[in-house]
Number of protein chains: 4
Amino acid sequence: MPTKKKPQATPSPERRGELLATAAEVFAAQGYNATTVRRIADAAGMLAGSLYYHFDSKESMVDEILSTFLNELWEGYDAVLDAGLGPRETIEALVTESFREIDRHRAAVAIYQKESQHLAAQPRFQYLADSQQKFEKAWLGTLERGVADRVFRDDLDIRLTYRFVRDTVWVAASWYRPGGQHSPEEIARQYLSMVLEGIALRG
Amino acid sequence: MPTKKKPQATPSPERRGELLATAAEVFAAQGYNATTVRRIADAAGMLAGSLYYHFDSKESMVDEILSTFLNELWEGYDAVLDAGLGPRETIEALVTESFREIDRHRAAVAIYQKESQHLAAQPRFQYLADSQQKFEKAWLGTLERGVADRVFRDDLDIRLTYRFVRDTVWVAASWYRPGGQHSPEEIARQYLSMVLEGIALRG
Amino acid sequence: MPTKKKPQATPSPERRGELLATAAEVFAAQGYNATTVRRIADAAGMLAGSLYYHFDSKESMVDEILSTFLNELWEGYDAVLDAGLGPRETIEALVTESFREIDRHRAAVAIYQKESQHLAAQPRFQYLADSQQKFEKAWLGTLERGVADRVFRDDLDIRLTYRFVRDTVWVAASWYRPGGQHSPEEIARQYLSMVLEGIALRG
Amino acid sequence: MPTKKKPQATPSPERRGELLATAAEVFAAQGYNATTVRRIADAAGMLAGSLYYHFDSKESMVDEILSTFLNELWEGYDAVLDAGLGPRETIEALVTESFREIDRHRAAVAIYQKESQHLAAQPRFQYLADSQQKFEKAWLGTLERGVADRVFRDDLDIRLTYRFVRDTVWVAASWYRPGGQHSPEEIARQYLSMVLEGIALRG
DNA sequence: AATGAATGAGTATTCATTCAT
DNA sequence: TATGAATGAATACTCATTCAT
């Protein structure tokens, strides 16, 4: 990350965006609760209190980080779901889209993974639970359609399969680093190959 | 494990065990940082200060929870690794053992998943990093042996495969509830079937 | 052996009472907003954080101070109002009772005078507005009865008279010091003499 | 073509006056301490920092509000005191003048009532204490002259009488609203009637 | 004259921990 | 063993004030 510029003539929405990116990085690295406002401010090169010129509270920072990410995620997902693809192609497209989001919003995804369950308890973060539900409906529905269409195996517990697919995709945010040796598309390709065909060599 | 300095009389190990189980439950539900000592004490029916008769810090509680779990885990793992099985059978045994541990130490596993990365920074929790490394060596080595033996596919990035296998097993601790409709062995069986053979129906 | 009953969840009411008296003194002297928790703690000989063992918040301290005072005040007032006295005797008894309360709860009365209007905006302090209304009803009703009975003058705006009587009584809390040269009863007597007969010498 | 203003030397006194009136309104409504500079700025339609072009501190705003009010008050009082009236007429004139000031400077009077005691502690507000003393001298002196002249009763504690008269006049600022049903002169008349003759009906 | 952004000192509150009883 | 009361350091947040533009 390049060193921050002198705080001279910085326009407002850009500064906000910069600060949110900084905050997301720290939240992802240390966890939301363990992150002090002072640490974010340090990383941004300002004093703790100064953050409150831009944001109402620490909570509203995660809020903005998570909701921005989820909005963008669902734009991509909805496009896929509305495309009228078959079950296998839908799963492939959703997985690819997911890894792309992880690439673009790595920090936000990591925060989402670690904190969403505990944040969702508060009314303000209701949308996290809502999203989770939409998520489940989309994936589970596609898997069921695939079983009915004889594209996916029918001898597996479908909810187990769902959790299996869901978790492995998103947990990747904990180790993924943008600019590594694999592009998101390549990771998606290999991941899909494993999930769909298995890792055992076929005789 | 050698007793700490604090308790002057003989603190009942049974009471300790009960209190640790209570603490683990709360840590798993709320996260280590977000859990106050007072909350643990509430759950145990005592006052916050009273816990310090049994433990010398909140940190030493997680410490004992995690090290107890890891000790037991490695007992099982080492037995498997020393049994001289083939790569596929080793993977099968490790996965089955892992789900058994999740069944027995669900709370500890959940804590391990959420907190180990951030705890491992402290010298006191060095053993978490050590364990992680032993872990990687065991799994990665087995996978590599499997590729060499033409039991596992050789067209996949092996580190990607490792992370994929590792994460899917352990992330199960976040949704697994003992006493559910599937036994740990059944979950292991289905999980292995997915990982090894894939979820796509073979033509 | 005969042990004292030790209720578990009861923090010593005596200590609470002492601390509340200290807090009331400081609130009365400096104003609620201008009083820092640290100042109260200083006056009590402890650290700021320690107050939170006994009270939830600074707000709950004023709350308890004011509600305790108002409860006691209304006990006295209700006894007077239920006694079936004539209008003049009722006024006399209410005034005397008021100065007695000022004597007993000087600090609380001073706080009530300064802060009630601004505190009453919060739902928690709804009872302040309720009390104010009961207050007005009791005094205004008695004055009206007195006018009807030809005991009080009928050429005065009755609401003006009410405010005049009410304010003069309570504003005394700002200068009254217990143990001064006049007892509350003596102050009440002189005050009543002024209000009822006026300060001008009759020809 | 708009004329260039002189740099930072001469801010428009009209704008100053407007801003002070706005500030006084807010101070009176919320209390000096509880009023934030930002709230005053909001009410004035500008940003908090912009107020510092006109005033050098929040404190200097109250200072100017209070001193302006007191200067005007003493102009009126001095005129009365220098007029050579008898004690009763002097009291009548002072009271009438006071209600006129309340009518004209309601906000300032309310601030004075609530905050003067606690502000007077600072050297900058020494004049508040001075005024208080002059005030006491004027009223107490007139009352004493009245007792000597056999115009006022001599069976009352004179200091009690002074506080009684003083407080009831000024406390009116807390409920008085300009443009109500009574003019300041009418309120003064009724108030004086109560104080001088009492509220009891004479047989 | 006013803005946008920041400072720095403070404020209420939390919480792990201690310790006499 | 456990309690009651306190400590002390940290925490999120507030606000009067500054200053370059």
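Throughout, a chain's letter reflects where its sequence line sits, starting with A, and its residues are numbered from 1.
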Watson-Crick or G-U stems involving DNA chain F, each at least 3 pairs long, distances under 3.5 Å, ordered by first number: E:2-21 with F:2-21
side-chain contact (heavy atoms from CB on, under 4.5 Å) partners for Q117(D), two or more places apart: K114(C)
Set of residues satisfying salt bridge (Lys or Arg N to Asp or Glu O under 4.0 Å) with respect to R15(B), sequence neighbours excluded: E18(B)
Heavy-atom donor-acceptor pair, E115(C) side chain to Y32(C) backbone, under 3.5 Å: yes
5'-most by nearest nucleotide on DNA chain F - T36(A) or L19(B): L19(B)
V26(B) backbone acceptor or donor facing R39(B) side chain under 3.5 Å: no
dC13(F) OP1/OP2 closer than 4.0 Å to side-chain N/O of R38(A): no
Atom-pair distance (CD on E14(C); C1' on dA5(F)), nearest Å: 14 Å
Min side-chain heavy-atom separation Y112(A)-H105(A) under 4.5 Å: no
d(CZ, R39(D); P, dA16(F)) in whole Å: 12 Å
Any residue meeting side-chain contact (heavy atoms from CB on, under 4.5 Å) with Y52(D), in chain and number order, not counting sequence neighbours: V37(D)
Set of side-chain contact (heavy atoms from CB on, under 4.5 Å) partners for A120(B), sequence neighbours left out: L128(B)
Closest-nucleotide ordering on DNA chain E, the 5'-leading residue of R15(D) and Y32(B): R15(D)
Length of the CG-C1' vector between D42(B) and dC15(E), whole Å: 13 Å
Check: E59(A) main-chain N/O paired with D63(A) side-chain donor or acceptor under 3.5 Å: no
Residues touching DNA chain F, which here means a heavy atom under 4.0 Å, drawn from residues 47-65 of chain A: G49(A), Y52(A), S57(A), K58(A)
